[in-house]
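Inspection log for the structure reproduced underneath, given as C-alpha cells.
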Amino acid sequence: MAAIKGIDCATPLTAKTAAAIAAAGYKWAARYLVPIAYKHKRLTRAEAVAITAAGMQVVSVFETTASRPQGGATNGQKDGAAAYLEARAIEQPIGSAIYFAVDYDAQPKDYDLIEDYLRAAAKEIPGYQIGVYGSYAVVEEMSRRGACTHFWQTYAWSKERKSSKANLYQYKNGTSVGGVTVDLNDSYGGEGWWNTKPVAPAPQPTAAEIVPKVVRLADNALIATGELVDGRMVAPVAAVLDATGVRYKWDNDTKKLYLL
C-alpha cells in the first residue's frame with residue numbers, strides 16, 4: 001500500500017495548528033500519552049478532538065524519559081499503569097494501540113530488559129494493543145520475541161536499514177509544518193491509531209428477525225426454535241420434553257399434554 005504521511009511532535013496542537021498540518025497533507029499525528037507532570041507535551045482530550053476535527057488520526061506514544069526501558073519490568077509496570085490512566089482519561093478507544101518509546105541506541109545487552117519492560121507494560125493496559133518505538137534493531141528483535149503487536153521505527157541508530165515489520169517509520173526530525181516543529185513519518189497499515197468520532201451503535205434486530213432457540217447447556221445442541229409473542233418465547237414443549245427425557249402423553253380430546 002502507498003505510505004500515509006504523518007507527524008509526531010512534543011508540542012500540543014491547537015485547532016489552528018492541527019488544521020494547518022492536515023492542510024499540508026498529513027493524515028495522522030503522534031502525541032505523548034503522559035501524566036500531567038509532563039504537561040508541556042501531554043495529549044489531552046481537547047487536543048485529540050482538534051486533531052480529529054482537522055481530519056487526522058491520533059497515535060498515542062508513552063515516553064517520559066528516554067531511558068525508562070532500561071528499568072525492565074519494574075518501570076514497565078509503572079509506565080503501563082500511567083499510560084492506561086491517561087488513555088482512559090482522554091477516552092482513547094479500547095482496541096487501539098499505545099506505543100512505548102525506546103528512545104536511545106539500544107544494544108543486544110539491553111534486549112532482555114526492553115522485552116521485560118514491554119511485557120510488564122502490556123499487562124497494565126487491558127484492552128489496548130502495545131507497540132514499541134525504536135531503532136531497526138529494537139523493532140526486529142521485539143518482533144522476533146513477540147513482545148508487542150505494533151512497531152514504529154525511527155531512522156535514528158538504524159544505519160540506513162528499514163524493517164519490514166514497521167507499521168510507522170520516522171524518517172526526519174526537526175522540521176516545521178504549520179508553524180510547529182515536528183518529525184516526519186510514513187505509515188503502512190496496522191498503525192493502531194484512533195480518533196474521537198462517536199462509534200455508531202450496531203443495528204439491533206427487530207422482533208420479527210429474532211429467532212429464539214432452546215439449546216441443551218451440556219453441548220449447546222439445538223432442541224427447538226420458537227417465536228416471540230408479546231415479549232414471551234413460544235416453543236414446542238414436546239421437543240423440549242423429548243430432549244430432556246421427560247415422559248408425557250397428548251390427549252387429543254382435551255388438547256392438553258400430561259406428564260407421566
Side-chain angles (χ1 to χ4, degrees), residues 1-66 79-80 82-101 103 125 127-133 150-156 166-201:
M1 63 174 291
I4 302 171
K5 294 170 60 178
I7 63 97
D8 68 90
C9 62
T11 303
L13 301 179
T14 64
K16 181 178 179 180
T17 55
I21 291 169
Y26 295 92
K27 304 299 184 184
W28 57 271
R31 293 283 295 111
Y32 287 99
L33 191 72
V34 289
I36 196 166
Y38 299 88
K39 184 178 180 180
H40 64 283
K41 65 177 183 179
R42 184 183 186 223
L43 173 65
T44 64
R45 175 69 181 181
E47 182 185 355
V49 169
I51 292 169
T52 299
M56 295 190 291
Q57 300 289 330
V58 183
V59 172
S60 295
V61 57
F62 185 93
E63 180 183 359
T64 53
T65 57
D79 290 355
Y84 183 78
L85 289 176
E86 292 299 315
R88 301 308 291 153
I90 65 172
E91 301 176 53
Q92 177 173 339
I94 292 294
S96 56
I98 301 173
Y99 289 83
F100 290 80
D103 203 4
I125 55 170
Y128 293 103
Q129 303 294 312
I130 187 166
V132 65
Y133 165 95
H150 297 270
F151 303 94
W152 181 5
Q153 183 189 337
T154 175
Y155 74 98
N167 303 103
L168 315 173
Y169 180 69
Q170 182 191 75
Y171 62 87
K172 187 176 182 180
N173 296 132
T175 190
S176 181
V177 178
V180 180
T181 299
V182 304
D183 303 329
L184 303 183
N185 298 258
D186 285 332
S187 72
Y188 311 98
E191 295 89 349
W193 56 32
W194 57 280
N195 60 60
T196 62
K197 294 178 181 178
V199 178

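Heavy atoms only: backbone and side chains are in, while hydrogens, waters and symmetry mates are out.
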Which heavy atom of [X] sits nearest to which heavy atom of [Y], and what is that distance?
X      : Y      : answer
Trp193 : Ile4   : CH2-CD1, 3.8 Å
Ala54  : Ala22  : O-CB, 3.3 Å
Ala50  : Ala18  : O-CB, 3.9 Å
Ala166 : Tyr188 : O-CD1, 3.6 Å
Asn167 : Gly189 : ND2-O, 3.0 Å
Ser60  : Trp194 : OG-NE1, 3.0 Å

Side-chain donor-acceptor pair under 3.5 Å between Tyr133 and Gln170, yes or no? yes
Taking it one step at a time, do Asn195 and Gln57 satisfy side-chain hydrogen bond (donor to acceptor under 3.5 Å, both in side chains)? CA-CA 5 Å; Asn195 60 60; Gln57 300 289 330; 3.2 Å; yes
Heavy-atom side-chain contact between [X] and [Y] under 4.5 Å:
X      : Y      : result
Ile125 : Phe62  : no
Val58  : Thr196 : no
Phe151 : Val132 : yes
Ile130 : Tyr128 : no
Leu85  : Pro35  : no
Leu43  : Gln92  : no
Ile98  : Glu86  : no
Val59  : Asp8   : no

Applying the side-chain hydrogen bond (donor to acceptor under 3.5 Å, both in side chains) test to Asn185, which of Tyr155, Trp152, Tyr171 qualifies? Trp152
Let me see the working for Tyr32 and Val61 under side-chain contact (heavy atoms from CB on, under 4.5 Å), right down to the final yes or no. CA-CA 5 Å; Tyr32 287 99; Val61 57; 4.0 Å; yes
Please say whether more than 12 non-hydrogen atoms of neighbouring residues, nucleotides or ligands are located less than 6.0 Å from NZ in Lys41. yes
Point-to-point distance, once rounded to the nearest 0.5 Å, from [atom1] of [X] to [atom2] of [Y]:
X      : Y      : atom1 : atom2 : answer
Arg31  : Ile7   : CZ    : CD1   : 8.0 Å
Asn173 : Thr175 : CG    : OG1   : 10.0 Å
Ile51  : Met56  : CD1   : CE    : 5.5 Å
His150 : Ser96  : NE2   : OG    : 8.5 Å
Lys5   : Ile21  : NZ    : CD1   : 11.5 Å
Leu33  : Ile90  : CG    : CD1   : 5.0 Å

Applying side-chain contact (heavy atoms from CB on, under 4.5 Å), run through Tyr26 and Leu184 and close with a yes or a no. CA-CA 9 Å; Tyr26 295 92; Leu184 303 183; 3.5 Å; yes
Step by step, work out the side-chain contact (heavy atoms from CB on, under 4.5 Å) result for Leu168 and Trp28. CA-CA 11 Å; Leu168 315 173; Trp28 57 271; 4.0 Å; yes
